[in-house]
**Q** 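Below: one structure in structure tokens.
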Amino acid sequence: GVYADPDRLRVFLDGMQGVQLGAFTALAATLDLSSHSRFCDVGGGNGTLAAMVAAANPHLTGVTFDLPPVAPVAQANLVRHGIADRVAVADGDFFADDFPPADIYFMGNILHDWSEAEKQILFDKAFAGLPAGGILVAIENVIDDDRRSNAFGLLMSLNMLIELPGGFDYTGAQFDRWARTAGFARTEIRHLAGPTSAAIAHKSSVMA
């Protein structure tokens, strides 16, 4: 498979991140992270999102978290972007292992790979790992609740259903339901670029 060949893996990861550059650029430029101190990009691939977030927010430190074969690709990319002193690389399985400590969790094109039950597991793990006031930020082709406007998101959802056992794209209302089931206090959807949005879940700043 692609994970067994370092060169194929690098090309695959670069391609996956490349299609999201516009959305990542918009996110890094517009999301106010001034009240946060550390982020983790869950399923961070080649580290592009982590590099962009760190460059736009010099006060932040962070970590990318992905499977062990991905770590060398991410490390080389972070060094190339000049932010390896602030962003570390951690390897692991985000279903089997706890998320690295952070007050922001990013998931770029991660949730849509999985079934509803698996999505809920990831929400639950993010909520458990975040401190009070922390946020989960998912960057994906979030479908409008009426399922009428984001044709690309609908087609992507169909593609995920064909390619993966349980994957599908989702609406803002579905994101909100999974987030609140996990314990998050509220959610919001911010359009980024093209068909892509940031779905953000906020953990209450006052915890019981």
Side-chain angles (χ1 to χ4, degrees), residues 20 23-24 26-44 49-50 52-66 86-88 90 92-146 150 153 167-193 196-208:
Q20 287 291 318
F24 289 172
L27 180 80
T30 61
L31 187 61
D32 181 8
L33 302 177
S34 59
S35 64
H36 299 279
S37 60
R38 183 169 178 81
F39 70 87
C40 173
D41 188 6
V42 178
L49 175 59
M52 296 177 75
V53 168
N57 297 274
H59 70 288
L60 289 180
T61 60
V63 58
T64 67
F65 181 53
D66 212 321
R86 288 194 291 122
V87 182
D93 181 328
F94 53 57
F95 282 113
D97 302 313
D98 292 338
F99 295 172
D103 59 0
I104 313 161
Y105 287 130
F106 292 106
M107 295 184 187
N109 279 357
I110 298 299
L111 290 173
H112 75 167
D113 287 349
W114 307 102
S115 69
E116 183 164 4
E118 290 165 325
K119 285 178 172 67
Q120 190 64 62
I121 289 171
L122 294 177
F123 274 90
D124 293 345
K125 294 188 75 165
F127 183 83
L130 288 169
I135 58 173
L136 165 65
V137 183
I139 304 99
E140 282 182 314
N141 303 299
V142 181
I143 301 167
D144 55 290
D145 290 343
D146 292 333
N150 193 346
F168 64 94
D169 285 78
Y170 49 87
T171 66
Q174 289 174 303
F175 181 90
D176 183 80
R177 183 174 75 247
W178 300 323
R180 290 181 185 274
T181 297
F184 287 95
R186 66 182 179 90
T187 65
E188 60 177 306
I189 306 295
R190 296 188 183 188
H191 177 255
L192 295 175
T196 308
S197 296
I200 305 173
H202 297 260
K203 189 169 182 175
S204 175
S205 58
V206 180
M207 302 304 296

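Computed from a predicted model, the values in this text were never measured in an experiment. The first residue in the sequence is number 1, and the count goes up from there.
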**Q** Contact between R180 and R186 at the side-chain level, heavy atoms closer than 4.5 Å - yes or no?
**A** yes
**Q** Would a distance-only check, ignoring hydrogens and angles, find a side-chain to backbone donor-acceptor pair under 3.5 Å from D97 to D93?
**A** yes
**Q** Using the test side-chain contact (heavy atoms from CB on, under 4.5 Å), find all partners of A193 that sit at least two apart in sequence or belong to another chain.
**A** none
**Q** Just do the side-chain contact (heavy atoms from CB on, under 4.5 Å) check on I104 and V53 with the steps written out, would you?
**A** CA-CA 11 Å; I104 313 161; V53 168; over 6 Å; no
**Q** Can you tell me how far the CG atom of L49 sits from the CG atom of N109, to the nearest 0.5 Å?
**A** 10.5 Å
**Q** Begin from the C-alpha positions of I135 and H36 and carry the test side-chain contact (heavy atoms from CB on, under 4.5 Å) through to its verdict.
**A** CA-CA 9 Å; I135 58 173; H36 299 279; 4.0 Å; yes
**Q** In the structure I gave you, are the side-chain heavy atoms of L122 and F95 within less than 4.5 Å of one another anywhere?
**A** yes
**Q** Is a donor on one side and an acceptor on the other found under 3.5 Å between the side chain of R86 and the backbone of A54?
**A** yes
**Q** Taking all non-hydrogen atoms of both residues, which atom of I189 and which atom of S197 are closest, and how far apart?
**A** CG2-CB, 3.8 Å
**Q** Go through the steps to decide whether R190 and E188 satisfy the test side-chain contact (heavy atoms from CB on, under 4.5 Å), and finish with yes or no.
**A** CA-CA 7 Å; R190 296 188 183 188; E188 60 177 306; 2.9 Å; yes
**Q** Quick check: does any side chain N or O of T30 sit under 3.5 Å from a backbone N or O of A26, one acting as donor and the other as acceptor?
**A** yes
**Q** Give the minimum heavy-atom separation between D66 and G43, together with the two atoms involved.
**A** OD2-C, 3.3 Å
**Q** Within 45° of the axis and under 6.0 Å from the centre of the six-membered ring of F127, does NZ or CZ of K203 qualify?
**A** yes
**Q** Which is it for F99 and Y105 under the ring-ring contact (aromatic ring centres under 6.0 Å, His included) test, yes or no, and what are the steps along the way?
**A** CA-CA 9 Å; F99 295 172; Y105 287 130; 5.2 Å; yes
**Q** Atom CG in L136, atom CZ in F184: separation rounded to 0.5 Å?
**A** 5.0 Å
**Q** Tell me every residue that passes side-chain contact (heavy atoms from CB on, under 4.5 Å) with S37, counting only those two or more places apart in sequence or in another chain.
**A** D103
**Q** Find the distance between CG (L27) and CD1 (I139) and round it off to the nearest 0.5 Å.
**A** 5.0 Å
**Q** Compare all side-chain heavy atoms of L60 with those of L33 and state whether any distance is below 4.5 angstrom.
**A** yes
**Q** Which heavy atom of A179 sits nearest to which heavy atom of T187, and what is that distance?
**A** CB-CG2, 3.6 Å
**Q** Please tell me whether D41 and T64 have a donor and an acceptor in their side chains that are separated by less than 3.5 angstrom.
**A** no
**Q** Looking at OG of S204 and CG of L130, how far apart are the two atoms once the value is rounded to the nearest 0.5 Å?
**A** 12.5 Å
**Q** Regarding E140 and Y170, do their side chains bring together a donor and an acceptor under 3.5 Å, going by distance alone?
**A** yes
**Q** Given 3.5 Å as the limit, does a donor-acceptor pair link the side chain of Q120 with the main chain of A117, or not?
**A** no
**Q** Is it true that T61 and R38 share a donor-acceptor pair across their side chains at a distance under 3.5 Å?
**A** yes
**Q** Which atoms form the tightest heavy-atom contact between V87 and A50, and what is the distance?
**A** CG1-CB, 4.0 Å
**Q** How many angstroms lie between CE in M107 and NE2 in H112, if you round to the nearest 0.5 Å?
**A** 12.5 Å
**Q** Hey, mind stepping through T181 and F123 against side-chain contact (heavy atoms from CB on, under 4.5 Å) and telling me if it holds?
**A** CA-CA 9 Å; T181 297; F123 274 90; over 6 Å; no
**Q** Is the NZ or CZ atom of K119 both under 6.0 Å from the centre of the six-membered ring of F168 and within 45° of that ring's axis?
**A** yes
**Q** Nearest 0.5 angstrom please: I200 CD1 to L31 CG, how far?
**A** 5.0 Å
**Q** Does A90 have any side-chain contact (heavy atoms from CB on, under 4.5 Å) partners at least two apart in sequence or in another chain, and if so, which?
**A** V63, F65, P100
